[in-house]
S.K.: 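Next up is a structure, given as C-alpha cells.
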Amino acid sequence: MNYENSLDFARKLDQEDPLRAYRTRFYIPEHNGKPIIYFCGNSLGLQPKAAKAVLEHDLSVWQQMGVEGWFAVNPLHDEAWIGYHRACKEPLAKVVGAMPAEVCPMNSLTVNLHLLLSTFYQPTAGKPKILTIAGDFPSDQYALETHIKSRGFDPDEVLIEIRPEADGLIRLEAIQDGIAAHAGTLALVLMSGLNYYTGQVYDMKAIAQTAREHGITVGFDLAHAIGNVPVYLHDWGVDFATWCSYKYLNSGPGGISGIFVHEKHHAAGLPRLAGWWGYDEPRRFEMTKGFVPMPGADGWQVSTPNIPAMSLHKTALDITAEAGMEKLRQKSGQLTGYLYYLLREAGIHVLTPDDPAQRGAQLSLLVPDGGKALFNRLVEAGIIGDWREPDCIRLAPAPLYNTFEEVWRVADVISRF
Ligand SMILES: *Cc1c(COP(=O)(O)O)cnc(C)c1O
C-alpha cells in the first residue's frame with residue numbers, strides 16, 4: 001500500500017476499513033474527558049462492552065441457585081458453568097488453526113507451560129537438551145530452568161539458546177542450524193512464536209517442519225501471537241502450545257489461558273500432572289482411584305475452572321473469532337505498516353523487522369536519547385504504549401479497536417517531539 005502522511009488520508013483508510021464497527025464493541029478509556037489512544041493491547045486488551053452482562057448473569061445464577069448453577073444453561077453461552085470450557089473450544093480452534101478436540105481453555109500461561117513441559121519434556125541421558133531463544137520472556141526461562149533442574153540436569157549444559165544478530169533479531173537459519181547441529185541430543189524445541197520485546201514473529205511453520213524432520217518435539221508460547229497473527233497449529237504439525245488471553249484476546253486481567261495438544265498425541269496416554277478436572281467426564285463424579293484422562297486436550301485440565309474468568313474469555317473470544325484472523329491480520333498489517341511508515345519519516349529507529357511477514361501489531365521503538373521524555377510526552381497527549389528500560393517504547397495498534405487516525409496522531413506527536 002502507498003501511504004501518505006496526512007490526517008485526511010488516515011481518515012479515508014478508516015472509512016474504507018471493513019472492521020471499523022468492531023471498535024464500538026469495546027470501552028475506550030478516557031483522559032480529561034476524551035478517549036485516549038490505547039496502543040497497549042499487547043499487554044492488556046480493552047474491555048468488551050458485553051463483558052458486564054455475562055458477569056452479572058453468572059453472579060445472579062450463583063445468587064439464586066448456589067451449586068445448582070453448575071448445570072443452569074446460560075443463554076449467552078448456550079452452556080452451563082460445567083460446560084463453559086466446551087463453549088470456548090470452537091472459537092479457540094478457529095483462532096489457533098486447530099480442531100476443537102486439540103484445544104482447551106484452562107489455568108494461566110506459566111502454569112500451563114509447566115503442565116505441558118511435564119508431558120513433552122522427557123529428557124534422557126543421551127537426549128537431554130532444550131533449544132530456545134536467548135532473552136525469551138523471563139517466566140518461560142524460569143519454567144525451562146526449573147524443569148531441567150528437577151529432572152537432574154544442569155541448565156548451563158542442556159539449554160541451547162539461539163542468540164540475536166547485531167540488529168537484535170533472530171534469523172530463521174540460526175534456529176534451523178541449531179536444531180540440525182544438536183539434533184542427536186535435543187529433547188525439545190520450545191520458544192515464543194512472537195518475541196515480546198522486539199515484536200519479531202518467528203516462522204513457526206518452518207521451525208516446526210525442521211524439528212519434525214529431525215524427530216524432535218516442538219512447542220510454542222503464543223502469548224503475543226494469539227489473536228495477533230494467524231497460526232495453523234494443526235497443519236503445521238506443532239506438538240503443543242499455550243498462550244494467555246488477556247493480551248490480544250481481550251479476556252480481562254489474568255484471563256484464562258489455554259493449551260493445544262496435537263491430535264497425533266491423543267491416543268498415546270502421555271504422562272501428565274493429573275487432577276480430577278481432567279478425568280473422563282462421564283465418570284468424574286464416581287470419584288474412584290486411578291486416573292482416566294478425558295480424550296484430547298481436555299485431559300490436561302487439573303482443577304475446577306475459574307468460572308467468571310471463563311465467561312469473560314468466551315465473550316471476548318467470540319469477537320475475535322467472528323472478525324476472523326485473516327481479516328484482522330489484513331487490517332493489522334496496514335495499521336502497523338502505516339505506523340512504521342510514519343515513524344521512519346520521523347527518523348525513529350524501529351527494532352521490529354521491516355518485513356511485514358515478520359511482525360504483528362507491535363512496533364518496538366529504540367530511542368536512546370530522551371526515550372523516557374518522549375514516552376512521558378505521549379502519556380501527556382493521552383497516548384498509552386509501554387516503556388521498557390533503558391530505551392524502548394512498545395506501541396501496538398490493535399485491529400479490533402484502533403484506527404488509522406489514531407496511528408497518524410501518535411506519529412504526529414512523535415514527529416514534533
Ligand atoms: C505475557 C507473557 C507471559 C505471562 O505469563 P503469565 O503466566 O500469564 O503471567 C509469559 N510468557 C510470554 C512470552 C508472555 O508474553
Side-chain angles (χ1 to χ4, degrees), residues 39-46 88 92 95-96 104-118 120-121 130-147 159 161-162 164 168-170 175 188-202 204 207 218-229 231 233 238 240-260 273 300-303 305-306 308-310 312-313 316-317 351-352 358-364 385-388 392 394-396 398:
F39 278 11
C40 214
N42 56 338
S43 187
L44 179 64
L46 290 179
C88 294
L92 256 188
V95 170
V96 300
C104 190
M106 62 175 85
N107 309 315
S108 51
L109 199 176
T110 309
V111 171
N112 284 335
L113 203 50
H114 279 296
L115 293 178
L116 291 166
L117 285 170
S118 81
F120 288 101
Y121 179 48
I130 301 178
L131 183 137
T132 190
I133 301 293
D136 225 334
F137 198 86
S139 204
D140 303 42
Q141 294 187 49
Y142 307 148
L144 287 180
E145 176 192 318
T146 48
H147 268 270
L159 200 57
E161 295 187 298
I162 303 300
L169 303 174
I170 302 281
I175 298 171
L188 177 66
V189 174
L190 182 98
M191 54 184 280
S192 296
L194 197 159
N195 188 289
Y196 80 100
Y197 182 73
T198 64
Q200 180 179 16
V201 181
Y202 303 116
M204 289 171 261
I207 294 165
V218 59
F220 290 106
D221 176 340
L222 302 177
H224 277 262
I226 194 167
N228 180 10
V229 296
V231 293
L233 298 177
V238 172
F240 69 95
T242 182
W243 49 80
C244 55
S245 66
Y246 48 80
K247 292 172 180 168
Y248 294 97
L249 288 184
N250 314 302
S251 299
I256 295 270
S257 167
I259 66 161
F260 165 88
L273 294 178
W300 271 264
Q301 295 173 99
V302 174
S303 293
N306 177 335
M310 193 72 87
L312 288 173
H313 185 37
L317 194 52
L351 173 59
T352 312
Q358 285 190 65
R359 65 183 186 221
Q362 172 188 325
L363 294 183
S364 305
D386 90 2
W387 170 252
R388 293 273 148 175
C392 180
R394 298 186 306 168
L395 298 174

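Residue numbers count from 1 along this sequence. For ligands, and for the atoms within them, numbers begin at 1 and follow the listed sequence.
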S.K.: Could you give the distance from CG (Asp140) to CD1 (Ile133), rounded to the nearest 0.5 Å?
M.R.: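 If we round to the nearest 0.5 Å, Asp140:CG and Ile133:CD1 are 11.5 Å apart.
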
S.K.: Can you tell me if Arg394 uses its side chain to pair, donor with acceptor, with the backbone of Gly199 under 3.5 Å?
M.R.: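 Here the side-chain-to-backbone pair does not exist.
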
S.K.: Is there side-chain contact between Ile162 and Met191, with at least one heavy-atom pair below 4.5 Å?
M.R.: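 Ile162 does not reach Met191 side chain to side chain.
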
S.K.: For Ser257, enumerate each residue passing the side chain to side chain contact (heavy atoms under 4.5 Å, CB included) test, keeping only those at least two apart in sequence or located in another chain.
M.R.: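 Result, side chain to side chain contact (heavy atoms under 4.5 Å, CB included) vs Ser257: Leu109, Asn112, Thr242.
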
S.K.: Given the rule in the side chain to side chain contact (heavy atoms under 4.5 Å, CB included) test, do His147 and Ser118 qualify, once you have shown the distances and angles that lead to the verdict?
M.R.: CA-CA 8 Å; His147 268 270; Ser118 81; 4.3 Å; yes

S.K.: What does the 4.0 Å heavy-atom contact list look like for ligand 1?
M.R.: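 Protein residues near ligand 1 are Leu109, Thr110, Phe137, Asp140, Ser192, Asp221, Ala223, His224, Tyr246, Lys247.
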
S.K.: Using the side chain to side chain contact (heavy atoms under 4.5 Å, CB included) rule, take Leu169 and Gln358 through it: C-alpha gap first, then chi angles, then the decisive distance, then the call.
M.R.: CA-CA 10 Å; Leu169 303 174; Gln358 285 190 65; 5.8 Å; no

